[in-house]
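The structure displayed is predicted, hence computed values, not measured ones. Sequence lines set the chain letters: A, B, ... in the order given, protein chains first and strands last, and positions in each chain run from 1.
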Number of protein chains: 2
Amino acid sequence: MATIYEVAELAGVSPATVSRVFNGTRVSPGNAERVREAAKKLNFTPNRTARTLRRQHSEVIALVIPDIENPYFTEMARGVEDVAQEAGFSVVLCNTDSQLAKEATYFQIALSESMAGVIVAPASSRSDLTDVIARGRPVVTVDRTTDFDVDAVVMSNRPAGRAATDALYQAGYRRIACITGPADIETAYERAQGWKDVVTRHEMFDDPEEYLRYSTFGVDGGVKVMTDLLALPEPPDALVAANNLLGVGALQVLTDRELTPLRVGVAVIGGLPFTTLPPSAVTVVRLPARNMGVTAARILIERIKGDTQPARTIVLRNQLVPGRHRAAT
Amino acid sequence: MATIYEVAELAGVSPATVSRVFNGTRVSPGNAERVREAAKKLNFTPNRTARTLRRQHSEVIALVIPDIENPYFTEMARGVEDVAQEAGFSVVLCNTDSQLAKEATYFQIALSESMAGVIVAPASSRSDLTDVIARGRPVVTVDRTTDFDVDAVVMSNRPAGRAATDALYQAGYRRIACITGPADIETAYERAQGWKDVVTRHEMFDDPEEYLRYSTFGVDGGVKVMTDLLALPEPPDALVAANNLLGVGALQVLTDRELTPLRVGVAVIGGLPFTTLPPSAVTVVRLPARNMGVTAARILIERIKGDTQPARTIVLRNQLVPGRHRAAT
DNA sequence: ACTGTGTCAGAAATCGATTTCACGTTCAAG
DNA sequence: CTTGAACGTGAAATCGATTTCTGACACAGT
């Protein structure tokens, strides 16, 4: 790849002028034209590494997520990407596997590569943004908040939990269980709280805790916990799954035992990815994942451009898509 | 972030020595110790941008894929990531949306960021690797081959098409249609050829072409084409879907009309992501996506380290998981 | 004691851009 | 005709590491 010096030589100007042509500063039309010609002839593209070193920040945004195989996060990634692309940034996807150590490593990489900013769905409430913030890099968290003073874009988790549970109650179910993720993950906890709000309001159980199960946010978790629930002396007649993968896992078990969608009502928070079920079979509280990415990216880019207003937390509205189930009673 | 100069100052040595400590060259134990101490005290991490500029290559691998929302590719990405991480590389995921222009842009970025190498699932047969190869960057293509002289890791596509079709034939189906992707995508074409091998061997149709449909490799495509097929005067009694998303789309239509899995047999090449169907409902030709990523990453890293043997194309074996369907006859 | 062989470490060049500074022109206002 | 503001340009410093070159020093062999 040609360097700025070779272009300068061919165009008969100084490297500084070449740089100015590519950065919008005023250059006489004649020179500008000659530089552009020379650049084209040499197939010149500015070396981003050198530019980054000098400028102290690149045109790359780090997007750090816990699980690249979860369609919820990839949908969000698409939102981030579209906005970033539009603004001239590229996006680097980093997968943490929900491990704090991996997450920390990616933060270090983002810093030492002088990336322009970071969007992160924190692996846990103990995620450490200290260094990134100290270095003055803009950060936006998505899906979950932290104790740090940064912008955040999150879902309305507790209302989502309530909406899902309410819908099942309206459909006539009276023993509604809940499967959620690890208790130290905000979304898991809040959605479960929403469920609890409704079941206690209706005094559904003597001991609600028995019908609330914490697990991992994965298909395996859904399978295991659904199996447990069905083994209870009084199994539930309906279920709220706190995320998409738990929903898939639970439905796999129910389908396997031919209990769904008729016998056991299911509501999923976040939608069923690539489902082949008819939309009427399951109640879905749709979470606007793409929009979350779009919003986060817009905020981040504003910050990169110098916006210094106080950090905000934006809560996105969810949307109820009720199934057409009806309890057997 | 502290620089190498500050560390040098604090440790009472030259920057060169600090660099040597972090790069394995021999340094007297005393100095090494003092440098390490100073580095820790200043919370020093080497600036990768500067290192990359000097070394002319970074420790980042670009992984360029057509669709980040397709679980087939994210599964592969996990394979790449695990191997890369192990070897000290980080992975940058780039989404091309199957657009040659976006793909070309990402190649340019990879070059101008001096990335160590590129793994790409080419957007089409017209993908242009010229620049990347000219710059001497190692490239491995996955899923699809190209006319360029680079390593490739692909699935056994035509055999997969045959296996899927054969399984349906064995189950008693006699009018087996095929939905595949765009004709200029190798995997789409080859899998369809596999289907054609079998249906012509059994002289299944007067005009096989009528039961072979090209579409996009997405859920939408599957829905549309399946609908068309069912509207034929003589609709098929079974279907081969050439990839996971087409399979999902087709099954959505079939489920909606209550035609599956009993009335119309379905075989999917690549597996149904997050399915809630019982495994017996559908025949699956499992493609080892993760293994493809692992293999590609291993080869790429060997190349980065200097391996210069002639380019190879590695074909991965697939695995048939037959459903327990049986034609009505 | 002298030479030769290593080992260790610092000075300085280097990677390829951006940006500051200073200088020369041009042109309009007074 | 002078003053000065605005503009265009090149030289050189800069970003933060790596690496080459060179010199200092120690030690072993003769």
Side-chain angles (χ1 to χ4, degrees), chain A residues 1-36 38-39 42-60 88 108-116 135-137, chain B residues 1-36 38-39 42-60 88 108-116 135-137:
Chain A
M1 199 91 80
T3 74
I4 207 172
Y5 296 95
E6 306 173 49
V7 175
E9 173 123 31
L10 182 59
V13 299
S14 77
T17 300
V18 178
S19 171
R20 288 192 262 256
V21 170
F22 283 92
N23 289 283
T25 326
R26 284 207 59 76
V27 170
S28 71
N31 274 347
E33 187 46 42
R34 248 168 295 140
V35 166
R36 253 184 277 279
L42 295 176
N43 188 22
F44 167 77
T45 323
N47 182 313
R48 284 167 180 250
T49 306
R51 165 183 291 181
T52 300
L53 179 58
R54 180 59 227 245
R55 289 227 183 125
Q56 298 289 299
H57 64 88
S58 72
E59 268 81 55
V60 173
Q108 285 308 319
I109 290 177
L111 286 180
S112 67
E113 297 261 14
S114 304
M115 294 186 186
R135 280 287 298 278
R137 296 294 166 190
Chain B
M1 199 92 79
T3 72
I4 208 173
Y5 297 95
E6 306 174 51
V7 176
E9 173 121 31
L10 182 58
V13 299
S14 78
T17 300
V18 177
S19 171
R20 288 190 263 255
V21 169
F22 283 91
N23 289 283
T25 326
R26 283 204 60 76
V27 170
S28 71
N31 275 346
E33 187 46 41
R34 248 168 296 137
V35 167
R36 252 183 278 280
L42 295 175
N43 190 19
F44 166 78
T45 323
N47 182 314
R48 284 167 179 248
T49 306
R51 165 184 291 181
T52 300
L53 179 59
R54 179 62 226 244
R55 288 229 183 124
Q56 298 288 304
H57 64 87
S58 71
E59 268 83 53
V60 174
Q108 286 306 320
I109 290 177
L111 286 180
S112 68
E113 298 259 13
S114 304
M115 294 188 186
R135 280 288 297 277
R137 296 295 164 189

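A distance-only check finds a donor-acceptor pair linking the side chain of B:Glu6 to the backbone of B:Thr3 [under 3.5 Å].
No contact: B:Val18 has no heavy atom under 4.0 Å from any strand. Nucleic acid contact for B:Ser19: base, since at least one base atom lies under 4.0 Å from a heavy atom of the residue.
Among all heavy-atom pairs drawn from B:Phe44 and B:Ile4, the shortest one is CE1-N, 3.6 Å. Heavy atoms only, all atoms of each residue included: B:Asn47 and A:Ser114 are closest at ND2-OG, 4.3 Å. Across every non-hydrogen atom of B:Pro46 and A:Ser112, the tightest pair is O-CB, 3.5 Å. Among all heavy-atom pairs drawn from B:Val35 and B:Val7, the shortest one is O-CG1, 4.0 Å.
With a heavy-atom cut-off of 4.0 Å to chain B, the contacted part of DNA chain C has its first and last nucleotide at C:dC8 to C:dG16.
To the nearest 0.5 angstrom, A:Thr52 atom OG1 is 9.5 Å from A:Met115 atom CE. One distance of note links CD of B:Gln56 with CZ of B:Arg51; it measures 14.0 Å at 0.5 Å rounding. For the atom pair OG (B:Ser58) and CZ (A:Arg48), the distance works out to 13.0 Å, reported to the nearest 0.5 Å. Rounding to the nearest 0.5 angstrom, the gap separating the OG1 atom in B:Thr45 from the CD1 atom in A:Ile109 is 10.5 Å. For the atom pair A:Arg135 CZ and A:Arg137 CZ, the distance stands at 5.5 Å (nearest 0.5 Å).
Axis angle across the helix from C:dA1-D:dT30 to C:dG30-D:dC1, with five pairs used at each end and values rounded to 10°: 50°.
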Any chance you could lay out the side chain to side chain contact (heavy atoms under 4.5 Å, CB included) test for B:Val60 and A:Glu113, step after step, and finish with the verdict?
CA-CA 10 Å; B:Val60 174; A:Glu113 297 261 14; 3.4 Å; yes

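Taking 4.0 angstrom as the limit, A:Arg26 places none of its side-chain polar atoms (N or O) nearer than this to OP1 or OP2 of D:dC7.
Annotation: side chain to side chain contact (heavy atoms under 4.5 Å, CB included) contacts of B:Leu53 (sequence neighbours excluded): A:Thr49, A:Ala50, A:Leu53.
Atom CG of A:Asn23 is separated from atom P of D:dT9 by 15 Å (rounded to the nearest Å).
Near DNA chain D, meaning a heavy atom under 4.0 Å away, the residues from residues 3-16 of chain B are B:Thr3, B:Ile4, B:Tyr5, B:Ala16. Listed by residue number, the members of residues 47-55 of chain A with any heavy atom below 4.0 angstrom from DNA chain D are A:Leu53, A:Arg54.
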Name the atoms and distances for all side-chain donor-acceptor pairs under 3.5 Å in residues 9-19 of chain A, with sequence neighbours left out.
residue: A:Ser14; atom: OG; partner: A:Ala16; partner atom: N; Å: 3.3
residue: A:Ser14; atom: OG; partner: A:Thr17; partner atom: N; Å: 3.4
residue: A:Ser14; atom: OG; partner: A:Thr17; partner atom: OG1; Å: 3.4
residue: A:Ser19; atom: OG; partner: A:Asn23; partner atom: ND2; Å: 3.3

